[in-house]
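For reference, the structure is listed below as structure tokens.
Just so it is clear: chains get the letters A, B, ... in the order the sequence lines come, proteins before strands, and each one is counted from 1.
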Amino acid sequence: MLRFFNTLTRKKMKFVPIEKGKVKMYTCGPTVYDYAHIGNFRTYVFQDILRRWLEYRGYKVTQVMNLTDVDDRTINASRQQGIPLNQHTQRYIDAFFDHMQRLNIQKAEHYPRATQHIPEMVALVKKLLEKGYAYKAEDGSIYYNIRKFKGYGKLSKVKLKQLKIGARVKVDSYEKEQAWDFALWKAWDQNDGDVYWETEIGKGRPGWHLECSVMSMKYLGETIDIHSGGVDLIFPHHENEIAQSEALTGKKFVNYWLHSEHLMVEGERMAKSLGNYYTVKDLLDKGYHPNAIRFLLLSTHYRQQLNFTFEGLKAAENTVERLTLFLNRLSEADGKPAGQELRTLMKQTKKTFEAAMDDDLNITAALAAVFDFVRDVNRMIDQGKVSKKEAKAVYDLMMNFDKVLGVMGKVEKKALPKDIEALVQKREEARKAKNWKTADAIRQQLYAMGIILEDTKNGVRWRQKA
RNA sequence: GCCGGGGUGGCCGAACGGUUCAGGCGGCAGCCUGCAGAGCUGCUCUAUGUGGGUUCAACUCCCAUCCCCGGCUCCA
């Protein structure tokens, strides 16, 4: 039985989709004012695992991920650099997709941008004004009156009276009836430069929370199955989305809210000022394999804070290598059939893996099943008990797991460059002649070139140094 | 102040009332190997922040206490 921890109820709940066999999922995406960092990608990897698991379980998933391409930060950054907003954001959108692809994150069906949904957002604000949930302030901005919405706070469990008034709210501002009302529409001011839209509700730009309500309803419908993002979005962002959407439709906005915990760096929060702020590119440039980065990000349960360290990244790299070496080994196994013993083992492993994932994506338990399996099959291979045909079946099962994990890739036998091939041959001859000194020297030379040679019963094998 | 999440072996990280306390990484040793690598086996590993309590039995429940992290208006 597939279960998810629902932030709304703070309990693990059986997953029942609105429409049988289909899942409508909205995943909060990046604000494209700068490069997304690995903390952001932790969330995107989590959402990817979620999507992949739903698909593994046979659901047809329709996923929407928004790109926030207009807000304070995007406007400030583009103006500071003197680049038009859309050019500025496009650069980071490109980088975002590039990094997503490097981390083997599957594509969503839709990537709507805020700036391309202004008319829909205006329409929603108009309706909220008509229904009395919103009001216009003196400067022309339009705010949502949260006291009008009975369920306000149901997701985050915040109590309005206990909310600390943030430093950003101007104390002398009496434009808002309540300090905690939030902007649906921000009237243009000088700081916005040429970023504004002339609309029926005035000259300005949308508030941040608006786009998610609008785009979720536009692409997925008034009520959807899953909405996910980082824990920091629970309040106020997701709380406000609920207020906007449910005030408009009178229907439940989202059935399951899933939130991923933050990534820490060396035990501290990641921050530019602390100098512990990394992008995917930073790590790739340092020579780490994208699969290792992905593995590190997915290997801790999503509701648990993940402490990023370079030691951990190195460990992740070794772990992934263990998996890929196992796949290599399988392609060479050619023993006697293990028969029932192996069949039972495979069946049991699959069952354990699936049960773990079904339990709120308990990936660490699922991985434990995989590693147990790897060890057991390795032992059988050592004993010459795995036939070619069986090895293929094991390989297929591993690929089945990797549909979800996405860290193993396919084993591809790349051809060695000719000069290296010649060196390998030369070493083979030296070995045959028991000229160990020469053979070892060549092996050392190849190692320096990033090629690791391994002598096996079936002859020499090579692999790329990680 | 209010509201959440945590503190598990050298490191990471499951289990959440009960068989030997998953799994990964690291280290050491053995098997294998000309040597190495890979793989396997064993050890490191009779761990659960601290002090009480409940129970036949607690990492798991209760109370107290210390420490860490997060949210409290635009940060995934």
Side-chain angles (χ1 to χ4, degrees), chain A residues 7 10 27-31 36-47 68 71-73 146 153 156-169 179-183 186 207-209 228-237 239-240 259-264 267-271 295-296 299-301 303-307 309 311-312 314-323 325-326 328-329 352 356 362-372 374-383 431 434-437 439-440 443-444 447 452-457 461-463:
Chain A
T7 308
R10 307 284 157 112
T27 46
C28 274
T31 301
H37 53 67
I38 53 172
N40 297 312
F41 278 102
R42 196 242 172 139
T43 296
Y44 307 140
V45 167
F46 149 64
Q47 291 166 340
T68 302
D71 78 325
D72 289 349
R73 288 179 298 163
I146 63 177
S156 56
K157 316 294 181 211
V158 300
K159 297 191 173 60
L160 292 183
K161 283 178 190 142
Q162 287 170 353
L163 272 186
K164 195 170 78 178
I165 305 301
R168 282 172 160 273
V169 178
W180 42 75
D181 285 354
F182 62 89
K186 293 187 161 188
W208 174 41
H209 314 297
S228 75
V231 282
D232 51 338
L233 297 185
I234 296 172
F235 189 86
H237 184 53
E239 198 67 62
N240 290 350
H259 292 98
S260 56
E261 256 296 348
H262 277 150
L263 174 141
M264 315 286 292
E268 288 183 296
R269 187 167 183 194
M270 183 163 52
F295 185 85
L296 182 66
S299 59
T300 295
H301 183 79
R303 285 192 288 116
Q304 203 67 39
Q305 282 177 354
L306 166 67
N307 188 24
T309 61
E311 194 189 352
K314 183 66 198 143
E317 204 159 67
N318 292 343
T319 304
V320 171
E321 192 181 23
R322 175 170 162 83
L323 293 174
L325 288 178
F326 177 62
N328 271 321
R329 232 175 154 225
T352 307
N362 188 350
I363 198 151
T364 41
L367 286 170
V370 174
F371 285 112
D372 278 337
V374 168
R375 188 194 55 237
D376 291 343
V377 174
N378 263 326
R379 186 164 38 212
M380 291 166 94
I381 293 174
D382 281 351
Q383 294 164 355
R431 284 191 72 227
K434 296 200 189 299
N435 184 353
W436 307 127
K437 208 171 170 182
D440 291 352
R443 186 169 63 193
Q444 197 54 45
Y447 185 81
I452 296 173
L453 288 189
E454 299 175 0
D455 301 319
T456 73
K457 276 183 217 139
R461 175 168 70 192
W462 68 275
R463 64 187 162 97

Between [options], which one does the side chain of [X] approach most closely?
X        : options                : value
A:Glu454 : B:rA76, B:rG37, B:rG34 : B:rG37
A:Asp455 : B:rA14, B:rA36, B:rC40 : B:rA36
A:Asn362 : B:rA14, B:rG23, B:rA38 : B:rA14
A:Thr364 : B:rA38, B:rG34, B:rA14 : B:rA14
A:Gln304 : B:rA36, B:rG39, B:rG6  : B:rG6
A:Asp440 : B:rC35, B:rA36, B:rA76 : B:rC35

Quickly work out the A:Asp71 CG to B:rA76 P distance and round it to whole Å.
9 Å
To the nearest Å, give me how far apart NE2 (A:His301) and C1' (B:rU8) are.
17 Å
Considering only nitrogen or oxygen atoms on both sides, find all protein atoms under 3.5 Å from nucleotides 25-30 of chain B and state each distance.
residue: B:rC25; atom: O3'; partner: A:Asn318; partner atom: ND2; Å: 3.2
residue: B:rG26; atom: OP1; partner: A:Asn318; partner atom: ND2; Å: 3.0

Polar pair under 3.5 Å, donor/acceptor by atom type, side chain A:Arg463, base B:rA38:
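No such pair is found, so the answer is no.
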How far, in whole Å, is B:rA76 from B:rU20 if one measures between their P atoms?
48 Å
Those residues that, when tested against A:Phe46, pass ring pair (Phe, Tyr, Trp, His ring centres under 6.0 Å) (two or more places apart)
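A:Phe46 satisfies ring pair (Phe, Tyr, Trp, His ring centres under 6.0 Å) with A:Tyr302 once adjacent residues are dropped.
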Got a sec, which residues hit ring pair (Phe, Tyr, Trp, His ring centres under 6.0 Å) with A:His237, two or more places apart in sequence or on another chain?
A:Trp208, A:His209
A:Glu311: which residues meet the side-chain contact (heavy atoms from CB on, under 4.5 Å) condition with it, sequence neighbours left out?
A:Thr309
Under 3.5 Å, which protein N or O atoms sit close to an N or O of nucleotides 67-71 of chain B? Give each pair with its distance.
residue: B:rC69; atom: O2'; partner: A:Gln305; partner atom: OE1; Å: 3.1
residue: B:rC69; atom: O2'; partner: A:Gln305; partner atom: NE2; Å: 2.5
residue: B:rG71; atom: OP1; partner: A:Arg269; partner atom: NH1; Å: 3.0

Check every strand shown and say whether A:Leu263 touches a base, only sugar-phosphate, or nothing at a heavy-atom separation below 4.0 Å.
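Touches a base.
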Quick one: salt bridge (charged side-chain N to carboxylate O under 4.0 Å, His left out) partners of A:Arg42, sequence neighbours excluded?
none
Taking only Lys NZ, Arg NE, NH1 and NH2, and the carboxylate oxygens of Asp or Glu, determine whether A:Arg329 and A:Asp382 approach each other closer than 4.0 Å.
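Judged by the 4.0 Å cut-off on N to carboxylate O distance, A:Arg329 and A:Asp382 do form a salt bridge.
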A:Arg375 side-chain N/O to B:rC40 phosphate OP1/OP2 under 4.0 Å:
no
